[in-house]
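Just below is one structure, and these are the notes that go with it.
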Amino acid sequence: MAIFSVVLSQINKDMLIIDSPSNDAYFNIALEEYLLYKYPTQAIFLLYVNAPSIIVGKFQNTLAEVNLDYVKEKEIKVVRRMSGGGAVYHDLGNLNFSFHSKLNENEFLDFATFTQPVLNVLHQFNIPGQLEGRNDLLVDGKKFSGNAKLAKGGKMIQHGTILFDSDMSVLSDALKINPLKYKDKAVKSNRSRVVNLKEYVSDHVGIEDLKQALIKQMIDDNPQTTIYELTKDDTQSVEKLIDDKYSTWDWNFGFSPKYNFNNAIKIPAGYIELHLDVLQGGTIDNAKIFGDFFASKPIEDLETKLVGMNHNEEDIRTFLNSVDLSAYFGNVTVDEIITLFK
């Protein structure tokens, strides 16, 4: 029996294959959680492709991972997933796979079982990928896939991403952060050298060919595997989960661990330096402002008003528009001061 068949039999013989009909990152990340609870014992192989988006690990400080100005300008969604690990960039040149299976405590740190089927399919395209380290797939020493796991409700999910024809320039700019701004104990992303698999195949091979090859191989090696199409009820349930959780600031940003934030600007009104202590949940616990600006009101008044607010540009901008900033900093604009907070 081929290695692929052996591995697949270890996963589960009775498996559902789901090819998500959506390119919305909110939808697909929410779909992972929905399937986890809808099918508590069912093995699932899920495939999806997201429009440009940043997917951050559950235990990361989102603000410290994402170039917020850039992702807003480019309308790139930022979504927190259920599993740990680092932040990754998704776009239409990026194929994502997700295995759902019964939890086996002894296999939780074993990434090989669920990456081997993917590698076997890649080998069909003469792509010499291999698992290296704990959870990365590499070719010629360069990373094309990162994998993460979670255990919940008696099930285990291992999901990964395959860089096929992704825009590397966006990846770099979207995850470019000044490390001096944030100090915390959150999980940090490891920036590795990355490569698109498009470089290893002919021009006639596209990401859809890779996806269909994965589906075909799953079916060929396990006749009991069935294709499942999401129902209207499934879609409505996922959309509710998006509204309640995956599209919210509280989940994607506020869920971050507590951290210290520091930033400074030099503007015509003077030099201004900001220090924030932010609690888990994104609430400002303490604020200190220093600089050589001239103020007619005590800066401590503004510091006190910031306490209890979310470290959220929208909320802070609304607040700054409601106060007389010239009384604290002299001749400044809201746009100038808001840059201190990001």
Side-chain angles (χ1 to χ4, degrees), residues 52-54 56 60-78 80 87 89 169-184 186 188-189 247-250 252-342:
S53 50
I54 300 290
V56 299
Q60 292 194 289
N61 178 354
T62 304
L63 291 172
E65 294 290 328
V66 176
N67 183 344
L68 200 56
D69 286 339
Y70 183 85
V71 299
K72 284 186 174 181
E73 176 190 346
K74 300 298 183 181
E75 298 184 341
I76 298 172
K77 290 184 176 178
V78 178
R80 186 184 299 277
Y89 173 69
S169 64
V170 175
L171 184 155
S172 175
D173 290 336
L175 298 177
K176 188 184 296 179
I177 285 294
N178 180 356
L180 299 179
K181 285 187 179 183
Y182 296 89
K183 295 182 180 178
D184 58 36
K188 302 296 189 295
S189 295
S247 65
T248 67
W249 183 90
D250 286 345
N252 293 322
F253 292 89
F255 187 82
S256 299
K258 65 179 182 179
Y259 56 91
N260 303 114
F261 174 85
N262 307 292
N263 199 14
I265 58 172
K266 182 70 173 70
I267 55 176
Y271 173 80
I272 309 174
E273 184 176 334
L274 173 69
H275 296 258
L276 299 178
D277 296 331
V278 183
L279 300 173
Q280 181 171 346
T283 303
I284 297 172
D285 185 50
N286 187 44
K288 295 298 293 181
I289 301 173
F290 307 94
D292 60 2
F293 49 88
F294 295 99
S296 60
K297 284 186 178 180
I299 198 64
E300 291 81 6
D301 290 353
L302 184 62
E303 293 170 345
T304 299
K305 291 176 181 178
L306 287 169
V307 173
M309 297 188 61
N310 285 332
H311 188 195
N312 175 347
E313 180 181 347
E314 183 178 342
D315 292 351
I316 293 173
R317 183 180 288 276
T318 299
F319 163 70
L320 293 178
N321 277 315
S322 72
V323 300
D324 180 10
L325 291 178
S326 63
Y328 298 107
F329 300 108
N331 187 21
V332 299
T333 66
V334 170
D335 285 339
E336 287 174 331
I337 299 303
I338 201 71
T339 61
L340 270 172
F341 292 85
K342 55 185 186 176

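A donor atom on one side chain and an acceptor atom on the other are found under 3.5 Å apart for Ser326 and Asp324.
Inter-residue side-chain proximity for Ile338 and Leu320 is flagged as met; some heavy-atom pair is nearer than 4.5 Å. Using a 4.5 Å cut-off on side-chain heavy atoms (C-beta onward), Thr62 and Trp249 make no contact. Here the side chains of Ile267 and Phe293 are not in contact, with every heavy-atom distance at 4.5 Å or above. At a threshold of 4.5 Å between non-hydrogen side-chain atoms, the residues Ile284 and Asn286 do not count as touching. With a 4.5 Å cut-off on side-chain heavy atoms, Tyr259 and His311 count as touching. Residues Ile76 and Tyr70 form a side-chain contact, since some pair of their non-hydrogen atoms from C-beta on lies under 4.5 Å apart. Between Ile289 and Leu302, some side-chain heavy-atom pair lies under the 4.5 Å cut-off. Ser53 places none of its side-chain heavy atoms less than 4.5 Å from the side chain of Tyr89.
Here the straight-line distance linking atom CG of Asn67 with atom CG of Leu175 works out to 8.5 Å at 0.5 Å rounding. Between Tyr271 atom OH and Ile265 atom CD1 the span is 10.0 Å, to the nearest 0.5 Å.
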From CA spacing to verdict: side-chain contact (heavy atoms from CB on, under 4.5 Å), Lys77, Asn252: CA-CA 10 Å; Lys77 290 184 176 178; Asn252 293 322; over 6 Å; no
Working for side-chain contact (heavy atoms from CB on, under 4.5 Å), residues Met309 and Ile316: CA-CA 7 Å; Met309 297 188 61; Ile316 293 173; 4.2 Å; yes
CA sep, side-chain torsions, deciding dist, call: Leu306, Phe319, side-chain contact (heavy atoms from CB on, under 4.5 Å): CA-CA 9 Å; Leu306 287 169; Phe319 163 70; 3.7 Å; yes
Worked check of ring-ring contact (aromatic ring centres under 6.0 Å, His included) between Phe261 and His275: CA-CA 6 Å; Phe261 174 85; His275 296 258; 9.3 Å; no
Worked check of side-chain contact (heavy atoms from CB on, under 4.5 Å) between Asn262 and Leu274: CA-CA 6 Å; Asn262 307 292; Leu274 173 69; over 6 Å; no
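Among residues two or more places apart in sequence or in another chain, the side chain to side chain donor-acceptor pair (under 3.5 Å) test is passed with Ser256 by Arg80. Every residue meeting the side chain to side chain contact (heavy atoms under 4.5 Å, CB included) condition with Asp250, not counting sequence neighbours, appears here in chain and number order: Thr248.
Of the charged side-chain nitrogens involved, at least one lies within less than 4.0 Å of a carboxylate oxygen, so that Glu313 and Lys72 count as a salt-bridged pair. Under the 4.0 Å criterion applied to side-chain N and carboxylate O atoms, Asp285 and Lys258 are not assigned as salt-bridge partners.
Although no hydrogens or angles enter the test, the distance criterion places a donor-acceptor pair under 3.5 Å between the side chain of Ser296 and the main chain of Ala327. The closest donor-acceptor contact from the side chain of Glu336 to the backbone of Thr333 lies under 3.5 Å. Without hydrogens or angle criteria, Asn263 side chain to Thr339 main chain gives a donor-acceptor distance under 3.5 Å. Under a 3.5 Å cut-off, the side chain of Asn310 and the backbone N or O of Asn312 do not form any donor-acceptor pair. Within the 3.5 Å criterion, the main-chain N or O of Glu300 finds a donor-acceptor partner in the side chain of Thr304. Checked by atom type and distance alone, the side chain of Asp277 never pairs as donor or acceptor with a backbone atom of Asn260 at under 3.5 Å.
Scanning both residues, Leu340 and Ala264, for their nearest heavy atoms gives CD2-CA, 3.9 Å. Smallest separation of non-hydrogen atoms from Leu68 and Val71: O-CG2, 3.3 Å.
For CG of Asn331, the number of neighbouring non-hydrogen atoms (other residues, nucleotides, ligands) closer than 6.0 Å is 12 at most.
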